[in-house]
Amino acid sequence: MFSYETVEDEEKPNQMKVRGTAILFDTPTVLYERDGIKYYEKIDRNSLTEAMMSDVVFNMNHVGPAAAKTRNKTLSLTVTPNGLDFEADLSKNATGRDIYERIESSFLEEMSFAFTVTDEAYDKETRTRTIKKIDRLFDVSAVDNGAYSNTVLELDKRQRSFFAAEAEKELAEARELELEKDKLELELDLYE
């Protein structure tokens, strides 16, 4: 599930922010399939209650330099009843700007996360592994193909690009010039 929209933020029009949901709670996903038999994983809604999340990075496909970090406040994480939401400012370095362009062009549409587990359960009947407690969250990552396909990654709906703002200004100026031209032509017609 992916959508993006460039919108206005009069205070900071040059920001390159993205946001979405990196972890979905209680939503089984197929992690492995063999001979037509599917094996599932789901993240329990209480899995993050004791997790270390003070130094988490936002990157692409779980590799490369950080595009944003919780430590420098370019990445914020919020646990909700549905999962882990995030917001990242990708304008601070070249890696972030590159990732932003890939998201804007729909090359990156899903999210993933890297973590360690302290408690889990496996249900043989449903072939479902449940992650009950996450010890540490290392990253939230924009990915080409995520294990959890219902994650959300979108451009922040409260912003607009610098170029969109400039185009709007130029259009307004052109309209104003056209109105002035029409006004002058009317005045000339009156004197003839």
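With sequence neighbours left out, the side-chain hydrogen bond (donor to acceptor under 3.5 Å, both in side chains) criterion links Asp98 to Arg102. With sequence neighbours excluded, the residues that form a salt bridge (charged side-chain N to carboxylate O under 4.0 Å, His left out) with Glu120 are Arg129. Here Asn82 pairs with Thr80 under the side-chain contact (heavy atoms from CB on, under 4.5 Å) rule; sequence neighbours left out. Evaluation of the ring pair (Phe, Tyr, Trp, His ring centres under 6.0 Å) rule for Phe115 yields Phe113 as partners, not counting sequence neighbours. For Arg127, the side-chain contact (heavy atoms from CB on, under 4.5 Å) partners at least two apart in sequence or on another chain are Ile37, Tyr39, Tyr122. Applying the side-chain contact (heavy atoms from CB on, under 4.5 Å) criterion to Thr130, with sequence neighbours excluded, gives Lys42, Asp44, Thr128, Lys132. Applying the side-chain hydrogen bond (donor to acceptor under 3.5 Å, both in side chains) test to Lys133 and every residue at least two apart in sequence or in another chain returns Thr49. Under the side-chain hydrogen bond (donor to acceptor under 3.5 Å, both in side chains) criterion, Ser112 pairs with His62, sequence neighbours left out. Residues meeting the side-chain hydrogen bond (donor to acceptor under 3.5 Å, both in side chains) test with Asn46, sequence neighbours left out: none.
The side-chain heavy atoms of Val79 and Phe25, taken from C-beta on, include a pair separated by under 4.5 Å. Put simply, the side chain of Tyr100 does not reach to within 4.5 Å of the side chain of Lys17, judged on heavy atoms.
The closest donor-acceptor contact from the side chain of Arg97 to the backbone of Ser91 lies under 3.5 Å. Here the side chain of Asp135 pairs no donor or acceptor atom with the backbone of Thr116 at under 3.5 angstrom.
Summarising the geometry, atom OG1 belonging to Thr126 is positioned 14.0 Å from atom NZ belonging to Lys38; distances are rounded to the nearest 0.5 Å. Summarising the geometry, atom CG belonging to Leu77 is positioned 8.5 Å from atom CD1 belonging to Ile23; distances are rounded to the nearest 0.5 Å. Interatomic distance, Thr74 OG1 to Asn93 CG, rounded to the nearest 0.5 Å: 8.0 Å. Rounded to the nearest 0.5 Å, atoms CD1 (Ile134) and OG (Ser47) are 4.0 Å apart. Taking CG from Leu84 and CG from Leu24, the interatomic distance works out to 10.0 Å, rounded to the nearest 0.5 Å. Summarising the geometry, atom CD belonging to Glu110 is positioned 6.0 Å from atom CG belonging to Asn145; distances are rounded to the nearest 0.5 Å.
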### Query
Under the side-chain contact (heavy atoms from CB on, under 4.5 Å) criterion, do Leu108 and Val143 qualify, and how do the steps go?
CA-CA 6 Å; Leu108 295 170; Val143 294; 5.6 Å; no

### Task
Quick one: do Thr21 and Thr151 satisfy side-chain contact (heavy atoms from CB on, under 4.5 Å)? Show the steps, please.
CA-CA 5 Å; Thr21 303; Thr151 55; 5.6 Å; no

### Evaluation steps, side-chain contact (heavy atoms from CB on, under 4.5 Å), between Arg19 and Asp85
CA-CA 7 Å; Arg19 62 179 168 177; Asp85 289 350; over 6 Å; no

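Among residue pairs with one or both ends in residues 23-33, those qualifying as side-chain hydrogen bond (donor to acceptor under 3.5 Å, both in side chains) are Asp26-Arg45; sequence neighbours excluded. Screening residues 50-64 for salt bridge (charged side-chain N to carboxylate O under 4.0 Å, His left out), with sequence neighbours left out, gives Asp55-Lys69, Asp55-Arg71.
When hydrophobic clusters are built by joining Ile, Leu, Val, Met, Phe, Trp and Tyr residues whose side-chain heavy atoms come closer than 4.5 Å, directly or via intermediates, Met16 is grouped together with Leu75. No path of Ile, Leu, Val, Met, Phe, Trp and Tyr side chains, each step under 4.5 Å between heavy atoms, connects Val57 with Val140, placing them in separate hydrophobic clusters. Val117 and Leu48 fall within the same hydrophobic cluster, defined by Ile, Leu, Val, Met, Phe, Trp and Tyr side-chain heavy atoms under 4.5 Å apart, directly or through other members.
Heavy-atom minimum distance, Ala67 versus Leu90: CB-CD2, 3.9 Å. Closest approach of Ala22 to Phe86, counting heavy atoms only: N-CD2, 3.9 Å.
As a member of the Ile/Leu/Val/Met/Phe/Trp/Tyr network built from side-chain separations under 4.5 Å, Met52 groups with nothing else and remains a singleton.
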